[in-house]
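Everything below concerns the one structure shown next.
In the text below, chain A, chain B and the rest are named by the order of the sequence lines, each starting its count at 1. Side chains included, hydrogens not; waters and symmetry mates left out as well; all remaining heavy atoms used.
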Number of protein chains: 4
Amino acid sequence: MKNNDKRTVIMQAALKLIAENGFHGAPMSMIADTAGVGTGTIYCHFKSKDLLIKELFLELRKKIIEVLLEGYSDDKPIRERFLHLSTVLLRHFIEHPLHFRFMEQYFNSPYGVTLRREKFLREPSAELDPFEVLFLQGMTQQVMKDFPLPVHAALAFGPLAALVRDHVLGFVKLDDAMIVKFTESCWDGIKR
Amino acid sequence: MKNNDKRTVIMQAALKLIAENGFHGAPMSMIADTAGVGTGTIYCHFKSKDLLIKELFLELRKKIIEVLLEGYSDDKPIRERFLHLSTVLLRHFIEHPLHFRFMEQYFNSPYGVTLRREKFLREPSAELDPFEVLFLQGMTQQVMKDFPLPVHAALAFGPLAALVRDHVLGFVKLDDAMIVKFTESCWDGIKR
Amino acid sequence: MKNNDKRTVIMQAALKLIAENGFHGAPMSMIADTAGVGTGTIYCHFKSKDLLIKELFLELRKKIIEVLLEGYSDDKPIRERFLHLSTVLLRHFIEHPLHFRFMEQYFNSPYGVTLRREKFLREPSAELDPFEVLFLQGMTQQVMKDFPLPVHAALAFGPLAALVRDHVLGFVKLDDAMIVKFTESCWDGIKR
Amino acid sequence: MKNNDKRTVIMQAALKLIAENGFHGAPMSMIADTAGVGTGTIYCHFKSKDLLIKELFLELRKKIIEVLLEGYSDDKPIRERFLHLSTVLLRHFIEHPLHFRFMEQYFNSPYGVTLRREKFLREPSAELDPFEVLFLQGMTQQVMKDFPLPVHAALAFGPLAALVRDHVLGFVKLDDAMIVKFTESCWDGIKR
DNA sequence: GATGAATGAGGATTCATTCAT
DNA sequence: CATGAATGAATCCTCATTCAT
């Protein structure tokens, strides 16, 4: 437990510093200070800065997937499912701006490129994420436009990421009504 | 002419390296090597790395605005204008992947945040970019949904940026038909 | 203990190199080499070159003040006190030529000017150094000429500094008799 | 004449910048800018920065010697001659603070050490400067204390340099009465 | 002679990582 | 496991000097 405590505290510190200052604005020594541990201690838990970042990413992603799947059912209509997923995701990032900022940094960096490349190259048999399943079904049911998956992803996540960024920076204020209208607009983009 | 030659060659080298490796993956020494000049030479033309980056950004933006406004007229219908601007922008980035990658790095960095903040804080009287004018008119004419400008921007640029990123990384292949269908989908997202 | 060892060793190296070659003839890398440590190590103990220099100065000054006040008493006659202070100071520098050379560099640089300015501008209530007290009392008792403090300082320290410089460079050889005669000559300059 | 113009203008610029900022605060490019000439031009007139500095020093020294010898006669009594030389020198530096600051930088640097060493090692037959002649005669006539030349130099120039420094930095204000009293005090230090 | 763009060695500083305690 | 002092490669930038025009 003590072990896990330190580990968690280090990840929190890294999350905060990287989200606020970027990878290069978060030296290991600063992460250690913020976490209240010695520099060397980080290396007891993570083999390198790269791996610390990668693990942090995996954890945040895991959390996101959990949130997305909470109360989610494949039985409901495509549109409803899309709106549910989008809304939940949007709310999650609004509530956890540091998570969003970190993920943004991550994807917009060699890490992210590698990740996407791995995803792109994976076996078709590999597990799909809920959005991918949704898009494929949506096209099969002819409810959604016929596009390659990355295009659908772009139409669905692109606006979301852009909007959250503006929100996090304080350029827009998003209330519930706006969130609903916004996700419906995203749906308008992909629906047939 | 010679003067401008070196300057241009340095900017090209910086563009390439920053686009491919990010700001921190493009040391001045590497830029100099790539440009085939001495390290000090860069400082004859740009006072600092920051200013080199800033000038590069301004140049690329200027070029983009030129391209956007070429053959653009305020007289045409909103939808047509939106499709024109989107298509031109999309094509421009597809043809100049390095420009896109650079702009992406730029916006996703303290530089970009500053820039957006300045734009956000500016006087309402200041000049609007063509997209902003378009959005405002679209709302006035009740052709487009009623949203704050940042939301429209998110719905319009978000997918575009996301798609170009995937294209640049080789995850999608965009032909003309796809481009048309894609930009129309973006329009579907913002049209009333 | 180990900690203090390195710190001391670094300061000694800096003292030697700066005394011999000036601030600009003592790069951090050379100081590190001389001290037998890595370059980065210096920055574990001193935040910057400036601060290393400043701390070195403060340490040397502290040592000098200690030496000056050892066996010094305000009760003795002005002349005797002056001769005591001058002699002790002269001997100290002769025994520690590096200290002298460093102090000289320091005072003849922006550091020194700042220092003198601070001293000049300080509150009259602030603590005076032993020489200043001596000069003021000397004038009150009408044993010394009536001059502003800086003039007395010039008459007292000017020759001393000039002589030590020549001694350090090997241009004069100072034996005990000469030291006595010299300090008495300085007294002749300021006595009434 | 044009030739000489540039040369002079460069030396003036170097004098000003070095006096104000030290050798390392006066890059060749800055000297060129201040002088209103191209960087390369300096090298048409001076083979290197070192030589520019050395020539500047020689010129200033020449000027000083001229001023010292103006109206100076070996026939007058020692004391009068000393007071004349000291006063003239003091006034010269007060009127030309940049000259003083430059000379100070020069002497307090490897240049100065070299110079003094050369002077020290020179043939006894070589020409003596007026002060040296004066000191030797003063000792012969038993008007002055019996000291090696460097000690007399220290007693005579040390206070002067220290005082001018304080004056230049604005720490003392020297009027005519003070100058007289001060040089007499210097004489008190060396007279028998 | 005059120019100033070009050069690259050199200097201060940062930071991921190691290792002795 | 935890620590944090030590390390040195890597980075940005400066500046004396050269040389083609």
Side-chain angles (χ1 to χ4, degrees), chain A residues 2-3 6-7 10 23-33 35-52, chain B residues 2-7 10 23-33 35-50 52, chain C residues 2-7 10 23-33 35-52, chain D residues 2-3 5-7 10 23-33 35-52:
Chain A
K2 181 72 181 303
N3 172 356
K6 293 244 182 201
R7 194 185 153 86
I10 291 167
F23 295 126
H24 296 279
M28 290 300 258
S29 57
M30 202 186 288
I31 293 175
D33 281 358
V37 304
T39 335
T41 308
I42 300 181
Y43 289 86
C44 295
H45 296 274
F46 305 92
K47 206 166 183 193
S48 72
K49 192 180 183 181
D50 262 35
L51 286 180
L52 162 57
Chain B
K2 183 70 181 305
N3 174 356
N4 234 313
D5 267 11
K6 292 250 181 198
R7 196 186 150 85
I10 290 166
F23 296 126
H24 296 279
M28 292 301 257
S29 56
M30 202 186 287
I31 293 175
D33 282 356
V37 304
T39 338
T41 307
I42 300 181
Y43 291 87
C44 294
H45 297 274
F46 305 92
K47 213 169 180 190
S48 71
K49 192 178 181 182
D50 259 38
L52 163 56
Chain C
K2 184 69 181 303
N3 173 356
N4 234 313
D5 267 11
K6 292 251 180 197
R7 195 186 152 85
I10 290 167
F23 296 126
H24 296 280
M28 291 301 258
S29 56
M30 202 185 288
I31 294 175
D33 282 357
V37 303
T39 337
T41 307
I42 301 181
Y43 290 87
C44 294
H45 297 274
F46 306 93
K47 212 168 180 189
S48 71
K49 192 178 182 182
D50 258 37
L51 286 181
L52 163 57
Chain D
K2 181 71 181 303
N3 172 356
D5 265 12
K6 294 245 183 199
R7 195 186 152 84
I10 290 167
F23 295 125
H24 295 279
M28 292 300 258
S29 56
M30 203 187 286
I31 294 175
D33 281 357
V37 304
T39 334
T41 308
I42 299 182
Y43 288 87
C44 295
H45 296 274
F46 306 91
K47 207 166 183 193
S48 71
K49 191 180 183 181
D50 262 34
L51 287 179
L52 163 56

**OP:** Find the distance D/Asp33:CG to E/dA5:C1' and express it as a whole number of Å.
**Re:** 14 Å

Original post:
Which nucleotide, F/dT7, E/dT3, E/dT13, lies nearest any side-chain atom of C/Ser48?
Top reply: E/dT13

Subject >> Complement of F/dG8, any strand, by Watson-Crick or G-U distances under 3.5 angstrom >> reply: E/dC15

Original post:
For E/dT21, what is the paired nucleotide under Watson-Crick or G-U wobble rules, both distances under 3.5 Å?
Top reply: F/dA2

Subject >> d(CG, B/Asp5; P, E/dG4) in whole Å >> reply: 19 Å

**OP:** Starting at CG of D/Asp33, measure out to OG1 of D/Thr39 and round the result to the nearest 0.5 Å.
**Re:** 7.0 Å

**OP:** Starting from P on F/dA9, measure out to OH on C/Tyr43 and report it in whole angstrom.
**Re:** 16 Å

Subject >> Atom-pair distance (CZ on C/Arg7; C1' on F/dA6), nearest Å >> reply: 16 Å

Subject >> Minimum-distance nucleotide to B/Lys49 side chain [options: F/dA16, E/dA16, F/dC12] >> reply: F/dC12

**OP:** Check the distance between F/dC1's P and A/Lys47's NZ and give it to me in whole angstrom.
**Re:** 16 Å

Subject >> Interatomic distance, D/Phe46 CZ vs F/dT18 P [rounded to whole Å] >> reply: 16 Å

**OP:** Could you say whether A/Phe23 or C/Phe23 is positioned toward the 5' end of DNA chain E, judged by the nucleotide with the nearest heavy atom to each?
**Re:** C/Phe23

Original post:
How far does OG1 of A/Thr41 sit from CE of A/Met28, to the nearest 0.5 angstrom?
Top reply: 11.0 Å

Original post:
Relative to the 5' end of DNA chain F, which residue comes earlier, C/Val37 or B/Ser29, by the nucleotide with the nearest heavy atom?
Top reply: C/Val37

Subject >> Candidates F/dA2, F/dA16, E/dA6 - which lies nearest the side chain of B/Lys6 >> reply: E/dA6

Subject >> Interatomic distance where CD1 belongs to D/Ile31 and P belongs to E/dG4 [whole Å] >> reply: 16 Å

**OP:** Measure from the side chain of D/Met28, starting at C-beta and using heavy atoms only, and say which of E/dA12, E/dG8, F/dT17 lies closest.
**Re:** F/dT17

Subject >> A/Thr41 side chain near F/dT3 phosphate (N/O to OP1/OP2, under 4.0 Å) >> reply: yes

Original post:
Taking OP1 and OP2 of F/dT14, is either one under 4.0 Å from a side-chain nitrogen or oxygen of D/His24?
Top reply: no

Original post:
The side chain of B/Pro27 lies closest to which of these nucleotides: F/dC12, E/dT3, F/dT17?
Top reply: F/dC12

Original post:
Where is the tightest heavy-atom contact between C/His45 and C/Arg7, given as atom of each residue plus distance?
Top reply: O-NH1, 3.4 Å

**OP:** Respond yes when some side-chain nitrogen or oxygen of A/His45 is under 4.0 Å from OP1 or OP2 of F/dC1, and no when none is.
**Re:** no

Subject >> Whole-Å distance separating the CD1 atom of D/Ile42 from the P atom of E/dG1 >> reply: 14 Å

**OP:** Identify the heavy atoms of B/Ile10 and B/Ala35 that sit nearest to each other, and give their distance.
**Re:** CA-CB, 4.0 Å

Original post:
E/dT7, E/dT14, F/dT3: which one has an atom nearest the side-chain heavy atoms of B/Cys44?
Top reply: E/dT7

